[in-house]
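What you see below is based on every heavy atom in this structure, not just the backbone, and it leaves out hydrogens, waters and symmetry mates. As the structure is a prediction and not an experimental result, all values here were calculated from the model.
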Amino acid sequence: MDNPNKTNGADPRADLPGEVRVRFAPSPTGYLHIGGARTALFNWLFAARNGGRFILRIEDTDFSRKVEDSTRQITSTMRWLGLQWDEGPVAGGPVGPYFQSERLDLYRKAADELKARGAAYDCYCTPEELAERREEARRLGRDPRYDGRCRNLAEEDRRRLVAEGRHSVLRLKTPKEGQTVVEDLIRGTVVFDNALLDDYVLMKSDGVPTYNFACVVDDHAMGMTHVIRADEHLSNTPKQMIIYRAFGWDPPTFAHVPMILAPDRSKLSKRHGATSVEEFQEAGYLPEAIVNYLVFLGWSPEGGEEVLSVDELRRQFSLDRVTKNAAIYDTTKLTWMNGHYIRTIDLDRLTDLSIPFLAKAGLVTEPVDPSTRSFVKAILTALRDRVKTLGELPEVTVYFFRDEFGFDPKGVQKHLSSTDAAGLLDQARAVLAGLPRFDVEACETAYRGLIESLGIKGGALIHPTRVALTGRTIGPGLFDIMALLGRERTLTRLEKASATAREGGPWPEPVDLGYPTVPGQAAKTS
RNA sequence: GGCCCCAUGGUCAAGCGGCCUAAGACACCGCCCUUUCACGGCGGUAACUCGGGUUCGAAUCCCGAUGGGGUCACCA
């Protein structure tokens, strides 16, 4: 005799490492969505805080031929963010495989068990018929739900349908009465009427499970203790609870975190600009800034700090300080935070992170030699608190790397259009040329001296010099620029600018290095 | 449309019955610092969706309305 409980066994959780087990289960869509990243982050932090394990599972039950590429993309971005998983692709683990596409046998077995328990049944209705009936129901103003006609099929009818060559799907026999109660860590108690639940599909006709089914089978088999996921899954939860109950399994504890919405309050999608972590990565955002920003979308620390290190987050994160309301995603604060990290992280690290951006613009060639590296480092010292993203770097540093850098017409107009300016530049050049040492202090002393002896205001000399040396009116301190440029280039540029000023131009046009892309702010500019 | 969730400034948010004539951060606006631009410092504008209750007392509890969001597939 069949023992309906025989495959229940012990709760898998009992034998698995970690008291707390949580997972992030993305489907391989090609990139790591910003909302997904936050869900992953919450899970990761929750595991860290509770001494648990963080599992990565790829939900690739959909067709998708790019599974491999997509998975690589997602995993590499997660690593870049610092969200290492304890079990999952590459890492392996005791309850693998961690790709749903490799777990098909498990689902089939589980499906058979459910059928044996009388909790599910084969349905032979074709998609066309279903669509037709849905349409019909809609027309009559009824809920477009499955009518349950295969729920209690007589054996001979079943045979007839098979003989017609029909394929079947497996449907769950959902209870017609009663309620399903979800005790959610964030939402509290949420009650759903079973009567509203459809006999939805568990296994598709091609033998592949649907999301809700695979999700339950895996969460159970993988010993999940908590399921932390986006709010959009809350309405799926009763369906999943019923499956757990049908198997006789204890469901995990659920926590539905609020969604991240686009500025227009709708669900975040591609048309809202940057929605993937990769886009921010390419634009020169630092992982710590993204993590820091993301965690504050829905969570806040007890102390009210706005900037917290990852270590601090791992120590402080808790689900009971997660808000219930959806957050609108706005990059302004992220950009500010990125600027904060740019000016506070270790300089060597900043240098290493910056070089690829300069290389991409052709300003340096990788691998950089030591002297170039220290030059970049010195530039960064002078410039780091003036940029918000690494992507802006080429734009604001060209003149350090190239002698053709173009002049801002307004700057020229304002500071280099008179012959006075040319004269000033000549005098400055003479003074600088005679300096025994050419460093920040020496340059400044020389300039201050010249300014005083000419009886002019500092700006009268400094502004024209800045434009002459950099082509623009903004940038680091002038004497830092001189020291960075070195005597030779400084003198040459002064001379050249003076000559051009005398001739009244022409001044080279600013070069286009691809303007800094700040994702999500495109809409603002237009 | 049914069901579910949510509701404090432009945005993120603190607040969990009296400490609220409501924190903090970003953004914005002034001022200061200053060779520019930043950074930094100081200050300012700006919010409890509405209506009923409960209570001595409500941003906080209850109900309703309104608004927003999610979900209703052989997608995940």
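- Nearest to the side-chain atoms of A/Ser235 among the listed nucleotides B/rG2, B/rU71, B/rA76 stands B/rU71.
- When side chains are defined from C-beta on, A/Arg466 does not count as touching A/His415, because their heavy atoms never get closer than 4.5 Å.
- When the ring pair (Phe, Tyr, Trp, His ring centres under 6.0 Å) test is applied to A/Phe317, the partners found at least two apart in sequence or on another chain are A/Phe42, A/Trp299.
- Using Watson-Crick or G-U wobble geometry with both donor-acceptor distances under 3.5 Å, B/rC16 finds no partner in any strand shown.
- Comparing atom distances between the A/Pro127 side chain and each of B/rA14, B/rC74, B/rC5 picks out B/rC74 as nearest.
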Handout entry: Per-nucleotide protein contact string for nucleotides 35-45 of chain B, where B marks a base within reach and S marks sugar-phosphate only (heavy atoms under 4.0 Å, - for neither)
Key = BBBBSS-----
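- B/rU71 atom P lies 19 Å from atom CZ of A/Arg145, rounded to whole Å.
- Remark: P of B/rA73 and CD of A/Glu135 are 13 Å apart, rounded to the nearest angstrom.
- A donor-acceptor contact under 3.5 angstrom links the side chains of A/Ser101 and A/Asp60, judged on distance only.
- With a cut-off of 3.5 Å on both pairing distances, B/rC39 has no Watson-Crick or G-U wobble partner at all.
- Of all nucleotides listed (B/rC26, B/rC12, B/rC74), B/rC26 comes nearest to the side chain of A/Thr332.
- Residue A/Asp193 is classed as having no contact, given no heavy-atom separation below 4.0 Å to the nucleic acid.
- For A/Tyr211, the side-chain atoms get nearest to B/rA76 when compared with the rest of B/rC4, B/rC12, B/rA76.
- When only modelled atom types and interatomic distance are considered, A/Thr237 and A/Arg229 share a side-chain donor-acceptor pair under 3.5 Å.
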Using residues 472-480 of chain A as the side-chain source, report each donor-acceptor pair under 3.5 Å to any protein atom, sequence neighbours left out, with the distance given to one decimal.
{"from": "A/Arg472", "atom 1": "NE", "to": "A/Thr470", "atom 2": "O", "distance (Å)": "3.4"}
{"from": "A/Arg472", "atom 1": "NH1", "to": "A/Glu395", "atom 2": "O", "distance (Å)": "2.9"}

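- Residue A/Thr29 is out of contact with every strand shown, counting any heavy-atom pair closer than 4.0 Å.
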Completion exercise
Nucleotide by nucleotide, nucleotides 59-69 of chain B touches protein heavy atoms under 4.0 Å in the pattern (B base, S sugar-phosphate only, - none) ---------SS
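- Ion pair A/Arg448/A/Glu444 flagged as a salt bridge, since at least one NZ, NE, NH1 or NH2 atom sits closer than 4.0 Å to an Asp/Glu carboxylate oxygen.
- With RNA chain B read from its 5' end, the first of the two nearest nucleotides for A/Ser300 and A/Cys123 is the one closest to A/Ser300.
- Mapping A/Thr210 and A/Lys239 onto RNA chain B by nearest heavy atom places A/Lys239 closer to the 5' end of the strand.
- What separates CD1 of A/Ile186 from P of B/rA7 is a distance of 13 Å, to the nearest Å.
- In the set B/rA7, B/rC74, B/rA76, B/rA76 carries the atom at the smallest distance from any side-chain atom of A/Asn212.
- The side chain to side chain donor-acceptor pair (under 3.5 Å) check on A/Asp439 picks up A/Arg437, with sequence neighbours excluded.
- The partner of B/rC61, taking Watson-Crick or G-U wobble pairs whose two distances both stay under 3.5 Å, is B/rG53.
- Between A/Glu136 and A/Arg139 there is a salt bridge, since at least one side-chain N of the basic residue sits less than 4.0 Å from a carboxylate O of the acidic one.
- For A/Tyr447 and A/Thr465, the side-chain atoms include at least one donor-acceptor pair closer than 3.5 Å.
- Base pairing of B/rA25: its partner is B/rU11, meeting the Watson-Crick or G-U wobble criterion (both donor-acceptor distances under 3.5 Å).
- The partner of B/rA46 is absent, by the rule that a Watson-Crick or G-U pair needs both atom distances under 3.5 Å.
- The side chain of A/Glu306 lies closest to B/rA25 when the candidates are B/rC3, B/rC6, B/rA25.
- In a base pair of the Watson-Crick type (N1 to N3 plus N6-O4 or O6-N4) or a G-U wobble (N1-O2 and O6-N3), with each distance short of 3.5 Å, B/rG67 is matched with B/rC6.
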For nucleotides 29-33 of chain B, list the nitrogen or oxygen atoms of the protein found under 3.5 Å from its nitrogen or oxygen atoms, one pair per line.
none

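- No hydrogens or angles considered: nothing links the side chains of A/Asn236 and A/Tyr211 as a donor-acceptor pair under 3.5 Å.
- Salt bridge annotation for A/Asp112-A/Lys109: absent, with no cationic side-chain nitrogen under 4.0 angstrom from a carboxylate oxygen.
- The existence of a salt bridge linking A/Arg149 and A/Glu129 is excluded, since no basic side-chain nitrogen approaches an acidic carboxylate oxygen closer than 4.0 Å.
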